[in-house]
Amino acid sequence: MDIAVPDLPVDPLDVLRKRRSAKWQTYPPDVLPLTVAEMDFALAAPVSEALREAVERSDTGYAMATPGLGRALAGFAASRWNWDLDPASVTAVIDVGVGVVELLRLLARPGHAVVISPPVYPPFFDWVAEAGARLVEVPLAHDDAGWRLDLAALETAFTAHPAAYVLCNPHNPVGRVHTAGELAALVRLARTYQVTIVSDEIHGPLVLPGATFTPLLTVPGAAEAAVSVLSASKAWNLAGLKCAAVVTAAPRMAALAGRLPADTRWRVGHLGVIAAVAAFTAGEPWLDRLLATLGHRRARLAELLRERLPMVAWDPPEATFLAWLDCTALGPGDQARDLFLKHGHVALEPGPRFGAAGSGYARLNFATSSEILDQATAQIAAAVG
Ligand SMILES: Cc1ncc(COP(=O)(O)O)c(C=O)c1O
């Protein structure tokens, strides 16, 4: 089916370079940035129309997320994932990071342990510290089958009764979509040892062809043990507009969300709510096209790596537009990433930022055109020599 639908277009490089976002402004103009998780595709039409309309009406005041955001997310969750969530259980927050930090502040007293599973999105480390908690790392397991939660090691960590576990579902940077079975086992552990799971599901809509996303709160027994944070910001490229959603499914967790700081609602981006509502209600056809496009980019990247960089290993991601590249053959730490930047003029995210397990790795963002991927891998291959 996706053969008939053209891939999403990407502007030429000179137009992309005019963007004022972090991805395009962090490096000098001779560097090709495949770094921070922003996409190069044009916005989904329903989203840009909603934003244009708001600006034309000077509708740029404070956000009023209730009831629109909850209804829009509930409609999307039902259609996409068969998840029957109560719109009234949705609390808007300015972004996923703030949502997780504020939840951790409520869950953990100063110095209490919070568990994460590196390699993981670098701010997870900072969020735990920002909430005043103590970080406990239980790395993912990795073998020939790829990356996955180390449930045995998590059980060992949970026996010390940490205040919370921050789950990355799907998992950035490795792109793993945790299975329903794995999540059910995690929920059993959380309930046994009374550990609250905070599930970061920002990449939930970005599950690529071949994999199936399980929202944690659809797992039997999860409602009493978990709270989820979702957003339209990754899948529709809205990170700068600032809107995310804390979702609960049982009274104890709803009470927790009810204790979020009262001013939280005034901090949400009004344009973020408008864009998120448009994305969740009318953005599914575009999302389907995005996922088909990303599936093609993932396949193209596999070819380019095989042909040009055979020393680089990877497990192609099941979700996200991020490739976690094992460049350890080129040296530990940041050596490969620095070589790519200095001699290849291509910027990737340095692996060690994702935890000690990221030594020798780099993360590549493939939400771009085939031409840019082609150019980037050619420049990296030339740098490697
Ligand atoms: C797993 C994960 N969580 C959160 C974020 C950031 O979300 P926000 O900008 O809403 O804080 C990202 C951004 O890439 C991410 O990958």
Side-chain angles (χ1 to χ4, degrees), residues 21-23 26 33-40 63 65 69 73 90-105 114-131 140 147 149 164-178 197-208 213 215-216 227-247 260 264 267-269 271-273 275-276 279-280 290 294 317-324 348-351 353-355 358 363-368:
S21 61
K23 183 179 180 195
T26 301
L34 303 182
T35 49
V36 62
E38 299 176 17
M39 299 194 289
D40 294 345
L69 183 67
L73 178 56
V90 171
T91 307
V93 286
I94 180 164
D95 59 25
V96 170
V98 167
V100 173
V101 170
E102 293 298 347
L103 289 167
L104 291 180
R105 279 195 224 278
V114 170
V115 180
I116 64 170
S117 292
V120 73
Y121 178 58
F124 273 37
F125 296 85
D126 307 327
W127 294 345
V128 173
E130 193 178 334
L140 293 179
W147 297 90
L149 296 174
Y165 173 61
V166 187
L167 174 70
C168 197
N169 179 38
H171 196 105
N172 171 7
V174 302
R176 178 71 207 275
V177 179
H178 309 299
I197 306 173
V198 178
S199 186
D200 175 342
E201 307 197 338
I202 196 168
H203 292 281
L206 282 171
V207 169
L208 301 178
F213 173 61
L216 183 66
V227 50
S228 295
V229 189
L230 287 96
S231 175
S233 74
K234 284 301 116 182
W236 285 273
N237 205 33
L238 310 173
L241 299 182
K242 294 291 167 193
C243 171
V246 170
V247 185
L260 286 166
T264 299
R267 298 175 182 150
V268 178
L271 293 178
V273 174
F280 287 137
L290 170 71
L294 292 175
E318 298 171 308
T320 78
F321 44 78
L322 307 165
W324 184 236
L348 307 184
E349 286 294 336
R353 279 199 200 151
F354 297 76
R363 194 193 71 176
L364 180 152
N365 174 345
F366 59 85
T368 188

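Computed from a predicted model, the values in this text were never measured in an experiment. Order of listing sets the numbers, starting from 1, for every ligand and every atom in it.
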Tell me whether [X] has any N or O atom under 3.5 angstrom from an N or O of ligand 1.
X      : result
Val96  : yes
Trp127 : no
Ser231 : no
His203 : yes

Considering only the protein, which heavy-atom contact is closest to [atom], and what is its distance?
atom                   : answer
atom 9 (O) of ligand 1 : Asp95 CB, 4.1 Å
atom 1 (C) of ligand 1 : Asp200 OD2, 3.4 Å
atom 7 (O) of ligand 1 : Ile202 CD1, 3.2 Å
atom 6 (C) of ligand 1 : Tyr121 OH, 3.2 Å

Atom of [X], atom of [Y] and distance for their closest heavy-atom approach:
X      : Y      : result
Pro122 : Phe354 : CD-CE2, 3.4 Å
Ala235 : Met39  : O-CE, 3.3 Å
Glu38  : Ser21  : OE1-OG, 2.6 Å
Trp324 : Pro119 : CZ2-CB, 3.7 Å
Val93  : Val268 : C-CG2, 3.6 Å
Val227 : Val247 : CG2-O, 3.5 Å

What atoms in ligand 1 come closer than 4.0 Å to a heavy atom of [X]?
X      : answer
Cys168 : 1 (C)
Gly97  : 11 (O)
Lys234 : 13 (C), 14 (O)
Ala37  : 14 (O)

- Does ligand 1 have an atom under 4.0 Å from some heavy atom of His171? no

- Sub-4.5 Å side-chain heavy-atom contact between Leu238 and Cys243: no

- Task: Examine distances only and state if a side-chain atom of Arg176 and a backbone atom of Trp147 form a donor-acceptor pair shorter than 3.5 Å.
- Result: yes

- Item | Glu201 side chain to Asn169 backbone, donor-acceptor under 3.5 Å | no

